[in-house]
Amino acid sequence: MLDQYLDIQPEVAQALANNQPVVALESTIISHGMPYPRNVETALLVEDTIRAEGAIPATIAIIEGRLKVGLSKDQIEYLGKAGTAVTKVSRRDIPFMVAGKKDGATTVAATMILAAMAGVRVFATGGIGGVHRGAQESFDISADLQELANTDVAVICAGAKSILDLSLTREYLETQGVPIIGYQTDSLPAFYTRESEHSIDYRLDSAQEIALALRAKWGMALRGGVVVANPIPTEFAMPVETITGAIDQALAEADEQGIAGKDSTPFLLARVCELTGGNSLDSNIELVLNNARLGANIAKEYCAI
Ligand code: PSU
Ligand code: MN
């Protein structure tokens, strides 16, 4: 039934059939999360990094209405060059891309859905969406959180950016039964910084312990995802004041300009990048590579159980 919509790249399909490790990657981070051409360079480097760790990468998107698990270099280049001209696709958008034979860059939520359809359980990215600051008024809560509540995929990330309300994001995940694992940390990382004032739920210090927890969860059919929060490597972390200033200014501008809905996160990401003169982009790229390495190792351990 799914074959009617889903194209799994042969290398990925073969790895899955042989219980070999596969790591899913999202495409909104390419089209809407970073500027061209560094977005494309990064996407390809992330794939190489996963291979170097002994796993198979599967970058996920929708191309001409086909759900793609595994993209070609040309398809990655196309999505990166098109940037925000490509539709940002979350759960609600998928059927319209398919029915209209359109292209779409998948968010964390949509990437989880396609990964789960293909049988990929581990997904590495930069940051997840969450509860936005001021959500009490705006109701802006990323569909990523609801997907984590329901879809059996582990998302390796560097926590969430403080464009979000980390405290409310934590509360939301708790209500939905989504655990936050801190990899070698007791503190919830805040993307550009290794620590925040928030805690995590379970600290685990090895990829093997994480894989065992995933096996136990899904082995008992306890539906839903897991957040694995992996702090940015110390040498690439940013000073708190620099990043806080940029985020506050970006939030104020978004408010003035009335940016809302799905445009909100891409606007904030782009402004923070501009305001920090590209330093934050370097940090962003390094933390994604770091998550790719951990993702590959978790996928390997998961297959080995
Ligand atoms: N946070 C980042 N980089 C990103 C995103 C979030 O640091 O690229 C992207 C991801 O694709 C995520 C999406 O799933 O933004 C969330 O968008 P929204 O807040 O509209 O749900
Ligand atoms: Mn939103």
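Start at 1 and go down the list; that is how both ligands and their atoms are numbered.
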[X] and ligand 1 - part of the residue with a heavy-atom distance under 4.0 Å:
X: His32; value: neither
X: Leu269; value: side chain
X: Thr265; value: side chain
X: Met34; value: neither
X: Thr107; value: both

Do the non-hydrogen side-chain atoms of [X] and [Y] ever get within less than 4.5 Å of each other?
X: Lys88; Y: Asp93; answer: no
X: Leu173; Y: Leu148; answer: yes
X: Gln176; Y: Leu145; answer: no
X: Ile113; Y: Ile94; answer: yes

Counting each atom of ligand 1 from 1 as listed, which ones have a heavy atom of [X] under 4.0 Å away?
X: Lys88; answer: 17 (O), 18 (P), 20 (O)
X: His132; answer: 19 (O)
X: Ile29; answer: 8 (O)
X: Asp144; answer: 12 (C), 14 (O), 16 (C)
X: Gly33; answer: 8 (O)
X: Phe191; answer: 7 (O)

If we only count N/O pairs under 3.5 Å, is [X] in contact with ligand 1?
X: Ser142; value: yes
X: Lys161; value: yes
X: Glu26; value: yes

Does a salt bridge link [X] with [Y], judged by any charged N lying under 4.0 Å from a carboxylate O?
X: Asp205; Y: Arg203; result: yes
X: Arg133; Y: Asp248; result: yes
X: Arg38; Y: Asp282; result: yes
X: Lys102; Y: Glu64; result: no

**OP:** Report yes or no: do Thr265 and His132 form a side-chain donor-acceptor pair below 3.5 Å?
**Re:**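 Yes, His132 and Thr265 have a side-chain donor paired with an acceptor closer than 3.5 Å.
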
Subject >> Nearest-neighbour protein heavy atom for atom 9 (C) of ligand 1, which is reported as residue plus atom name and distance >> reply: Thr28 CG2, 4.2 Å

Original post:
Among the N, O or S atoms that Asp140 has, which is closest to the Mn ion (ligand 2)?
Top reply: OD1

Subject >> Closest to atom 6 (C) of ligand 1 among Ala110, Gly127, Ala109, Ala158 (heavy-atom distance) >> reply: Gly127

Original post:
Does Arg215 make a cation-pi contact with Tyr302, if we ask for NZ or CZ under 6.0 Å from the ring centre and within 45° of the axis?
Top reply: yes

